[in-house]
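Here the structure is laid out as structure tokens; the discussion comes afterwards.
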Amino acid sequence: MDLPALSLSELRDAIAAEKVSPVEALDALDQRIAAVDAKVHGYLSRNLELAKRNAATADLSKPLGGVPIAIKDVINVTGEPCTCGSKILLPYRSNYDATVIQRLRAAGAIPFGRTNMDEFAMGSSTENSAFGASRNPWDLTRTPGGSSGGSAAVVAADEAFAALGSDTGGSIRQPAALCGIVGLKPTYGRVSRYGLVAFASSLDQIGPFTKTVRDSALILNAICGKDPMDSTSLDVPTPDFTSLLGRDVKGLKLGLPREYFIDGIDPQVNAAVRAAIKHYESLGAEIVEVSLPNTEHAVGVYYIIATAECSANLARFDGVRYGHRASDATGLLDHYGRTREEGFGPEVKRRVILGTYVLSSGYYDAYYLRAQKVRTLIRDDFTKAFEQCDAIICPTSPEPAFKLGERADDPLKMYLADIFTIAANLAGICGISIPCGFAETDGKRLPIGLQLLGKPLDEARLLQIANAYEQSTDWHRNRPPVV
Ligand code: GLN
């Protein structure tokens with residue numbers, strides 16, 4: 001049995017049938033990582049011995065019993081580093097588990113390995129990581145996407161059965177699309193953010209990277225729900241997210257937002273998404289045109305709100321509480337200044353400065369307050385669109401994976417990578433990216449992602465719709481050429 005190639009569900013079944021033990025699964029994964037991660041650079045650290053000790057006590061009767069799951073390096077796991085892709089936190093080790101980690105453990109899973117990311121989740125390519133970019137397993141000269149690019153790359157390269165990431169403006173869906181796997185951003189408040197290092201608190205949400213839609217549902221089952229440690233987590237019923245899987249999509253309405261099929265979208269992406277829409281029609285879904293008229297403002301609004309929130313959230317990295325501390329400061333202000341100058345990379349500094357500016361008195365009304373008002377309009381657009389359809393269908397990313405280095409010096413071009421994903425975070429709705437084809441570029445096959453956006457708290461329906469496509473196509477079975 002090629003253990004690392006299994007999906008989470010397949011491994012779970014093999015463990016339950018006592019065909020493999022969790023320790024054997026960990027060893028097989030570790031060997032796979034040793035063989036390919038020098039090329040992919042998806043992991044920042046891993047602790048096999050600790051994972052094996054946890055495996056010994058994992059409850060194998062539970063839904064994720066004995067399954068290792070990789071964790072983006074922005075989510076706290078007791079005893080492990082949590083660098084957030086930044087030098088500023090380097091010596092820090094977590095002294096507690098994030099709520100999602102507690103819940104994964106309660107479901108029998110074993111956190112194993114910390115994945116690479118753009119510094120503090122700011123970016124779309126992992127090139128803002130202080131530890132070097134990850135590489136796309138389909139073409140090692142290209143980005144796996146970002147910011148959770150490490151999590152996407154390790155699942156795609158069979159270095160993990162599944163992984164957790166965080167999505168503030170697309171950081172789960174975009175890398176999932178570029179790596180040819182499934183990435184789910186739950187509704188804002190569905191999953192506790194306690195123990196997730198905050199980037200933009202009103203947008204951040206944790207979610208899974210998996211090889212199949214069913215695996216996403218299983219992880220969401222484990223991690224969702226009200227948490228007294230996060231006042232923004234919602235006190236709502238938590239259905240079994242696998243319950244609608246296998247049902248057909250006959251009679252369901254899928255909304256095609258006319259503003260999402262713009263000039264500049266890669267022709268091969270356009271063709272693949274159009275073919276996926278036809279496929280849904282052949283499965284019995286009805287396609288209706290919808291309008292999201294404020295789409296053009298989403299990127300601008302996001303970069304005001306996200307930077308404003310990050311400038312406040314990142315104030316805590318001051319060299320007093322944890323992490324890096326400048327050694328030769330002459331006074332308190334000098335200490336703050338030097339610590340942050342030495343610890344943060346250029347993108348983080350750029351955003352803290354921009355965020356501080358838009359929040360400063362005199363500019364607050366013109367930028368932050370106005371952005372919040374337009375955010376409400378964007379949310380209202382979705383509310384109206386969902387009166388006409390059960391889910392929205394569109395591309396995840398305007399292009400397949402781009403070359404590393406191609407955009408690193410052009411932040412504005414980089415910001416457009418999330419043009420189709422950002423509005424869902426502003427509106428707080430759920431979204432998923434699933435594989436829907438390949439682009440042929442320079443003799444390489446590059447995955448294309450289909451994005452489905454769902455009503456707030458309607459993940460079960462979203463997963464049903466995604467699963468119907470996946471189970472009647474073969475895209476998700478393709479594995480990248482990395483050896
Ligand atoms: N690429 C977007 C940004 O740079 C989104 C990142 C994210 O979702 N964490 O902010």
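Starting from 1, each residue takes its place in the sequence as its number. Please read these numbers as outputs of a predicted model, since none were measured by experiment. First listed ligand is number 1; within each ligand, the first listed atom is number 1.
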Rounded to the nearest 0.5 angstrom, the CG-CD1 distance for Leu44 and Ile71 is 13.0 Å
Within the 3.5 Å criterion, strictly below it, is a donor on Thr210 or Asp215 matched to an acceptor on the partner's side chain?
no
Ring-plane angle category for Tyr302 and Phe199, please: parallel below 30°, perpendicular beyond 60°, tilted otherwise.
perpendicular
Would you indicate whether the side-chain heavy atoms of Pro346 and Asn128 approach each other to under 4.5 Å?
no
Are Phe161 and Phe112 an aromatic pair, judged by ring center distance below 6.0 Å?
no
Are Arg321 and Tyr92 in a cation-pi setup, meaning NZ or CZ lies under 6.0 angstrom from the ring centre and within 45 degrees of the ring axis?
no
Students should find this: residues with any non-hydrogen atom under 4.0 Å from ligand 1. What is the answer?
Ala121, Met122, Gly123, Ser124, Ser147, Asp167, Thr168, Gly169, Gly170, Ser171, Phe199, Tyr302, Tyr303, Arg351, Asp418
